[in-house]
Structure formats: structure tokens, C-alpha cells
Amino acid sequence: MPMQTVTRSGVIVNRSFVEKLSEIVRSISVEVSRQLARSIRLSTTHGMPEDVVAARVRSLEADVEAGGGIRSEGDGYVTDSNEVTWQFPQLGEVPWDFFGDVRSADFTLSTTEHGRFQARLVTSPARTSVTLSGQAEHLELVVPAVEALLDEYVDAERLEASKPPFRVFIGHGGDRQWEAVRKVVETHYEVSAFETHDRLGQQAFEVVENMISEASVAIIVMTATDERADGKRTARQNVVHELGFAQGRLGARKTIIVVEQGTELFSNIESIQQIRFTPGEIHTVEDQVLAALANRKRELESS
């Protein structure tokens, strides 16, 4: 069955919101029941007893005349702002009295005819999503209405509170030059680095990859720490790994290289911004680093 998910941050979910979502599902219920009644009539050619067909059709026609029907379906729950949780029955009426100030929820509304069209609502303080399942022509009708509903209930304060902090990961090798970058960056932004994380019971690469995944931007400080057999100087292998992972996870635009002159680089990093400094003078590029971070922060806020 085709599916489509609509997601927004900062949405206030309350009884009014759920009632409107229910009406969207109900609007499809009439059409679903009408189509199913037509299909059942045709099924008489396959040996279905006439009395069964007649009863089924009467039930569907009653649903159409009533303006459609919906129900809750599956094992869902609603938790309010007081942390009181109500568990949905497997099938049943929508528990309207439990939709006050919803903190979190996960439940499904469906048309009354065998879940032919469903809307699964999953909400938390950070994000709300509605996953729609049904025929493609019904999705085309409903998706714009659900998008408009979510937009209507976005609260500016909640939206701001749901945004993750602008966090900068700093990767580095064996020398201490990177500390100059950390000191200037942490006066403006939240900083994460291998030394700042509790790594009890975790492999080093797991710690670093988790920090990069949670960061907004990665700064990779590459210094000429190691010497190859041909005399060329390169960054430590862990730094190369961090750069590759950051580029893959965050993207080239959200990855910044601060590189010591004389460090051998590889060819597939042309798309990444490089800030070069003279050996021993990393402090001279502090303003460039802060300017690059300010640009990335503005881009994130406007996206």
C-alpha cells in the first residue's frame, strides 16, 4: 500500500488538532466505502451469497450516509503534560477526552472499512509526523491537507525550543595546535571533541562517529604529524578517517578543514573549504574559522 509521511517540528498536538486530522481521514472514508460497496456488488460473479452481499452493501451505504466513519486501530498511546498515559485498545472509538495537552503519542486513525486508509500520528516535544497509507489517488487528496494542518499548529516558541543546538565537532591529530581552535570556537558555540566525551565501554571510532553525527558542523585540524617513506608529511590516519566520515555524514558544505601548510592532502576534498595556516601559527586563522562557522550557522537557520 502506498505511503507518505509529513513531518514538522514545534507542532502543538491537542484535541482540536486531532479532531481536524480525524475529519481529513473521515473525508476519505466516504469515498473508500463507496468504492468498496461497488467492488462487493461486482463480487457476486465470484459466488458470494446474495444475502451477504446485500448486508455488506447496506453497511457501507449507511457509512456513506453518515458522512464516513473512523476508528483508532492498533496498540497506540497518548501521554499528556502530566506524564499520564492512556493506552488505546486494539480497535475502538477515538478517546477524545485524553487529548488535552499532548506531550507524546503514537496511534493510528483509520477508515472503518478494514483500514483501507490510515493516518498514523507520532508526536514528541521535538517533532510530529503523520504517515498516510492508502490508495495513491487518496494520498494526492489528503497530503496537502495534512501539510496545511501541521503548519497551522506550529508554535513559534516550541519550534525554537525543538531546534538542536549549533554544535561544532573538532577533529585533530597528535599535536596540541588544535587547542587554539577549540578555545576560540567554544567562546561562541558548543564544542565536542574526543577529549570532551565520556567513552567508557566504547571504541574510539564509535565515540568519534557519534559526535560527528550529532554535530552541526565539523572542523578537522590537519597537521603534518606523520612522515611517509617518500618524505612527504601527512595527517594522522584517525584524522583522515574523521574527515571522510564527516564529509559523508554531514556533507562537504558542513565540513571545514584547518590545514597546516606542508601537509600532504588527497585529491577528493576540493569541494571542502580549506583554511591554511603557517606551522606554529594556527592562531592567525581564528577569524577565518569563526567567519566560516557563522556562515554555516546562518545557512542552517535559514534552511
Side-chain angles (χ1 to χ4, degrees), residues 164-303:
F166 186 81
R167 182 180 295 119
V168 181
F169 169 79
I170 302 178
H172 60 90
D175 63 42
R176 303 178 67 88
Q177 294 188 75
W178 77 279
E179 293 180 355
V181 176
R182 183 197 66 190
K183 288 177 181 178
V184 69
V185 172
E186 68 185 5
T187 61
H188 296 79
Y189 307 108
E190 181 179 333
V191 170
S192 64
F194 185 71
E195 292 76 9
T196 67
H197 195 279
D198 179 9
R199 47 190 185 273
L200 182 64
Q202 289 184 290
Q203 297 293 327
F205 72 89
E206 294 177 323
V207 174
V208 169
E209 289 181 355
N210 287 337
M211 287 191 293
I212 292 174
S213 299
E214 295 172 356
S216 308
V217 174
I219 295 176
I220 308 299
V221 180
M222 305 187 74
T223 55
T225 308
D226 295 347
E227 184 175 357
R228 297 192 320 208
D230 59 6
K232 293 181 179 180
R233 303 193 69 85
T234 64
R236 289 279 171 86
Q237 283 303 303
N238 73 288
V239 180
V240 175
H241 169 79
E242 291 168 9
L243 175 58
F245 188 81
Q247 184 178 9
R249 179 57 57 90
L250 302 178
R253 182 61 184 164
K254 296 177 183 176
T255 304
I256 301 167
I257 303 174
V258 178
V259 58
E260 183 180 40
Q261 292 179 8
T263 304
E264 183 74 9
L265 299 177
F266 30 96
S267 59
N268 63 342
I269 59 172
E270 292 87 353
S271 60
I272 303 177
Q273 181 177 357
Q274 300 175 24
I275 300 175
R276 296 179 175 270
F277 67 93
T278 302
E281 298 185 7
I282 195 170
H283 63 278
T284 62
V285 298
E286 291 175 355
D287 289 343
Q288 294 180 56
V289 171
L290 290 178
L293 290 174
N295 285 337
R296 302 309 189 276
K297 188 172 187 291
R298 281 195 295 270
E299 289 171 2
L300 285 172
E301 291 174 342
S302 62
S303 62

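Heavy atoms only, all atoms of each residue included: Gln177 and Glu281 are closest at OE1-N, 4.4 Å. Between Ile272 and Thr255, the shortest heavy-atom contact is CG2-O, 3.1 Å. Taking both residues in full, the closest heavy atoms of Gln247 and Ser271 are given as NE2-OG, 4.0 Å, listed atom of the first, atom of the second, then distance. Annotation for Arg276 and Val285: closest pair O-CG1, 3.4 Å, computed over non-hydrogen atoms. Taking each heavy atom of Leu250 and Val217 in turn, the nearest pair found is CD1-C, 4.0 Å. Across all their heavy atoms, Asn238 and Gly173 have their closest contact at OD1-CA, 4.5 Å.
Here the CZ atom belonging to Phe166 is positioned 10.5 Å from the CZ atom belonging to Arg298, to the nearest 0.5 angstrom. Here the CD1 atom belonging to Ile212 is positioned 7.0 Å from the CD atom belonging to Glu209, to the nearest 0.5 angstrom. Taking CE of Met222 as the start and CD of Glu242 as the end, the distance is 9.5 Å to the nearest 0.5 Å. For the atom pair Ile269 CD1 and Leu243 CG, the distance stands at 6.0 Å (nearest 0.5 Å). Considering CD1 of Ile219 and NE2 of His172, their distance stands at 12.0 Å, rounded to 0.5 Å. Taken to the nearest 0.5 Å, the CD atom of Glu214 stands 11.5 Å off from the CZ atom of Phe169.
Counting only residues at least two apart or in different chains, salt bridge (Lys or Arg N to Asp or Glu O under 4.0 Å) contacts with residues 253-262 comprise Arg253-Glu299.
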Trace of the side-chain contact (heavy atoms from CB on, under 4.5 Å) decision for Thr278 with Thr284:
CA-CA 8 Å; Thr278 302; Thr284 62; 5.9 Å; no
Applying side-chain contact (heavy atoms from CB on, under 4.5 Å) to Gln273 and Arg296, what does each step give before you reach the verdict?
CA-CA 11 Å; Gln273 181 177 357; Arg296 302 309 189 276; 2.5 Å; yes
Could you give me the CA-CA distance, side-chain angles and deciding distance for Ile256 and Leu293, then say whether side-chain contact (heavy atoms from CB on, under 4.5 Å) is met?
CA-CA 9 Å; Ile256 301 167; Leu293 290 174; 4.1 Å; yes
Would you check, one step at a time, whether the test side-chain contact (heavy atoms from CB on, under 4.5 Å) holds for Val239 with Ile220?
CA-CA 7 Å; Val239 180; Ile220 308 299; 3.4 Å; yes
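With a 6.0 Å radius and a threshold of 12 heavy atoms from other residues, nucleotides or ligands, Arg228 has its CZ atom above the threshold. For Gln274, the CD atom is densely surrounded, since the number of other residues' heavy atoms within 6.0 Å is greater than 12.
Checking side-chain atoms of Arg236 against main-chain N and O of Thr225 turns up no donor-acceptor pair under 3.5 Å.
Using a cutoff of 4.0 Å between basic side-chain nitrogens and carboxylate oxygens, Glu179 and Lys183 are not scored as salt-bridged.
A donor atom on one side chain and an acceptor atom on the other are found under 3.5 Å apart for Ser213 and Arg249.
For the pair Val208 and Phe245, the minimum side-chain heavy-atom distance is 4.5 Å or more.
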